[in-house]
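Data block below; observations after.
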Amino acid sequence: MASAREPLLTAHGVVKRFGHVQALSGADFTAYPGEVVALIGDNGAGKSTLVNVLSGVLAPDAGEVRLDGAPVRFSGPMDAQRHGVETVYQDLSLAPDLDAAANLYLGREIVRGGLLGRIGVLDRPAMRREAVKAFAELGVELKDVTAAVTTLSGGQRQSVAVARAVAFAHKVIFMDEPTAALGVVQRARVLETVRRVADQGICVVLISHNMPEVLSVADRVEVLRLGRRVASYTAADTTIEELVGAMTGSLDEPNRTGEAEGAR
Amino acid sequence: MTAQSEKAAAAVGGRAAVPDWVRRAATLNELWTFVILVALVLFFTIAAPGKFFTTYDITQIAVNAAIYLVLGVGMTFVIITAGIDLSIGSVLVLAAVAAGEYNIHHGGATSGWGTVAFCVVIALAVGTAWGALQGAVVATGKVPPLIVTLGGLGAALGIAELATGGQDPAGAASTHLQNSLGFGKVLGIPWMVILAAVVTAVFGAVLGGTRFGEHTLAIGSNPTAVRRAGIPVGRQLVKVYGLMGLLAGLGAVMWLASYGTTSIAGHSTDNLKVITAVVLGGTSLFGGRGSVLGTVIGVFIPAVLTTGLIVIGVQQYWQDVAVGVVLVVAVYIDQLRRKTRERA
Ligand SMILES: Nc1ncnc2c1ncn2[C@@H]1O[C@H](COP(=O)(O)OP(=O)(O)OP(=O)(O)O)[C@@H](O)[C@H]1O
Ligand SMILES: [Mg+2]
């Protein structure tokens with residue numbers, strides 16, 4: 001069903017070496033608009049490296065990345081952001097001493113009009129207004145948008161990082177283990193957010209080691225092993241056993257079909 | 001996890017009982033320092049009735065504090081980036097010597113307004129260039145700011161001594177400069193004070209209300225996040241240390257105007273005094289937090305102490321003891337706050 005649409009983001013034969021370590025050896029990746037695609041794999045399979053390549057943090061040694069069908073080569077995370085590709089880093093990448101609104105707009109501050117704006121005078125009321133709106137859209141309630149992020153709970157901080165990506169992404173959001181450090185309630189919140197964002201037509205790429213979570217929130221699952229995509233499944237048609245088998249390589253034979261489906 | 005969220009809910013509930021502005025005011029570092037400053041002023045006013053709280057003393061305190069205030073404004077930006085600049089006294093001397101040497105060769109004490117203007121430009125340019133250079137080295141991330149500026153401290157002073165043979169040259173400042181900026185007043189307010197107030201107001205607004213200030217705070221808070229947000233961290237550091245240098249250059253001009261000499265040997269503890277003032281003002285040595293308003297208060301605490309102790313007839317060396325103790329306490333409290341604020 002999904003493969004009937006045009007893919008939003010594709011990677012073909014991506015190679016990335018770190019000295020003697022080949023982190024990616026011809027990895028493929030496909031993502032469609034409006035879907036949640038989980039990227040899974042054992043430790044060291046190359047998930048973070050692939051995401052770093054796709055989000056402009058790393059330049060690939062070989063291979064091709066296409067966004068909306070056109071080949072792209074991001075010169076850095078900013079370049080990717082200009083193309084509507086945002087990343088929620090595993091460490092959240094927030095400035096803890098600044099407030100939520102300032103973090104939301106870090107590097108993209110709203111300035112006043114006219115001459116004041118030209119010299120970089122901030123329009124804080126506007127940023128706070130927009131921040132409240134952005135958080136509300138994600139179902140996040142912050143008691144006080146002027147409180148330093150360090151005073152927020154882990155879940156709230158996670159929400160700020162997600163909101164930051166959501167506010168500016170119009171194509172793809174990468175989330176590297178966004179729920180790893182969260183409690184049950186906060187985890188559910190973030191997953192709800194992920195779903196809501198995808199329903200707005202944005203593609204969410206979710207890295208996770210939590211298989212039940214993957215199956216509950218993702219539409220599709222792509223499996224990476226030893227720097228290669230070894231399988232691709234529709235979440236509704238697969239099981240945890242199958243995913244684990246593909247990740248560890250114990251189900252190599254049946255995976256052929258999965259691989260074929262993913263390449264289509 | 002549930003216990004944690006309950007605790008969070010309780011904390012939120014507890015906070016809501018206190019009026020918003022009270023809660024916010026109590027978290028302001030400036031408020032506490034300001035309370036200390038007011039307490040000191042009150043103490044000296046009561047201890048020496050009619051002697052401490054005179055216009056003369058206020059003016060004298062302000063004039064003495066003016067140069068430290070200008071330096072403190074720059075140091076606030078530097079410390080907010082989790083940096084430090086030990087070189088300010090030497091940079092001030094180097095800028096003063098550069099401007100002074102030019103002045104000596106263009107009329108000395110009797111030089112005209114054109115020379116004065118050019119001397120100002122030289123002092124500001126030398127300071128800015130030196131600061132920016134140090135910033136560029138800090139920006140490489142290979143040498144910590146403490147070492148970069150410790151090296152800068154020695155090198156700048158060395159160059160100034162080489163240029164002068166270690167003696168303060170005569171005729172370093174024009175009488176025009178001294179009679180205007182140095183001793184001049186407008187409506188009874190010394191020009192030195194007006195200049196320092198303007199610098200403070202302008203850069204206070206820059207720190208609190210502009211993109212430049214926001215990025216400075218963010219770098220001290222989490223440089224990786226800032227880099228990922230596409231902000232050129234290195235360039236910002238060059239600008240911040242360059243600003244410190246610019247203000248050290250301005251300090252040189254103010255020094256020449258006030259004292260008419262370069263005082264090569266007289267600035268070795270400027271860095272400690274200024275860093276103390278900034279930290280007393282609530283700016284965190286760990287970066288990410290601070291304000292120019294706090295620094296203003298931090299500059300005035302030692303200044304009030306000095307004058308106050310003289311007025312009540314106590315040896316003013318007690319001031320050094322008091323400031324030293326207060327400084328350590330201030331940093332200790334900053335650490336405690338940091339710990340309690342940060343949640344796992
Ligand atoms: N900067 C680097 N320098 C050297 N080797 C690296 C670097 N980054 C990744 N690697 C190597 O590349 C391989 C893939 O790493 P990567 O971080 O992409 O794995 P991952 O799938 O994200 O693993 P995890 O689940 O543990 O996060 C590993 O063998 C790792 O050691
Ligand atoms: Mg990883």
Side-chain angles (χ1 to χ4, degrees), chain A residues 55-57 76-82 86-89 91-99 101-112 116-117 119-124 127 141-144 146-157 161 164 168 181-187, chain B residues 1-9 11-13 15-16 20-21 23-24 27 80-82 202 205-233 236 239 283-284 286-291 337-344:
Chain A
S55 62
V57 174
M78 269 320 268
D79 193 23
Q81 285 168 20
R82 271 192 289 276
E86 293 282 333
T87 309
V88 179
Y89 294 91
D91 64 1
L92 300 186
S93 225
L94 298 172
D97 299 295
L98 302 190
D99 63 30
N103 268 285
L104 193 66
Y105 285 99
L106 187 60
R108 291 180 272 222
E109 294 82 5
I110 302 178
V111 292
R112 300 265 188 89
L116 287 179
I119 58 169
V121 176
L122 302 175
D123 191 347
R124 277 196 205 281
M127 288 201 279
E141 303 129 34
L142 288 184
K143 280 258 176 275
D144 181 6
T146 65
V149 161
T150 183
T151 65
L152 302 180
S153 75
Q156 289 172 319
R157 267 185 262 176
R164 181 176 153 78
F168 296 100
L182 293 190
V184 180
V185 181
Q186 287 89 343
R187 175 187 301 250
Chain B
M1 280 304 148
T2 329
Q4 196 186 345
S5 45
E6 262 167 28
K7 221 192 296 163
V12 169
R15 268 200 239 146
D20 210 38
W21 67 270
R23 181 167 58 78
R24 206 163 296 168
T27 61
I80 282 176
T81 67
V202 167
V206 166
L207 180 61
T210 70
R211 200 185 267 148
F212 183 84
E214 193 93 332
H215 291 179
T216 305
L217 286 157
I219 284 176
S221 200
N222 185 352
T224 312
V226 175
R227 210 167 283 122
R228 284 174 182 162
I231 299 163
V233 172
Q236 181 78 14
K239 286 185 197 163
T283 295
S284 173
F286 309 99
R289 268 180 311 130
S291 76
R337 281 157 171 267
R338 203 156 259 267
K339 289 245 171 66
T340 51
R341 247 159 58 110
E342 262 158 34
R343 308 223 232 135

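So you know, we letter chains A, B, ... as the sequences are listed, proteins then strands, and number each from 1. What you are looking at is a predicted structure, and each value in this text was computed from that prediction instead of being measured.
For residues 222-233 of chain B, the salt bridge (charged side-chain N to carboxylate O under 4.0 Å, His left out) pairs, not counting sequence neighbours, are D91(A)-R228(B).
Contact between E214(B) and A102(A) at its shortest, heavy atoms only, is OE2-CB, 3.1 Å. Shortest non-hydrogen contact noted between A225(B) and A95(A) is CB-N, 4.5 Å. For L94(A) against N222(B), the heavy-atom pair with the smallest separation is O-ND2, 2.8 Å. The two residues R289(B) and D97(A) have their closest heavy-atom pair at NE-OD1, 3.5 Å. Scanning all heavy atoms of the two residues, the minimum distance from R164(A) to A229(B) falls at NH2-CB, 3.3 Å.
Both the backbone and the side chain of V121(A) come within less than 4.5 Å of a heavy atom in chain B.
In this view, F168(A) and Y105(A) satisfy the ring-ring contact (aromatic ring centres under 6.0 Å, His included) rule, not counting sequence neighbours.
Among A205(B), G288(B), G209(B), G208(B), the residue making the largest number of heavy-atom pairs under 4.5 Å with chain A is G209(B).
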Verdict with reasoning, L98(A) to L217(B), per side-chain contact (heavy atoms from CB on, under 4.5 Å): CA-CA 8 Å; L98(A) 302 190; L217(B) 286 157; 3.8 Å; yes
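With rounding to the nearest 0.5 Å, the separation of CG in L106(A) from OG in S221(B) is 9.5 Å. Once rounded to the nearest 0.5 Å, the distance linking CD1 of I231(B) with CD of E109(A) reads 5.5 Å.
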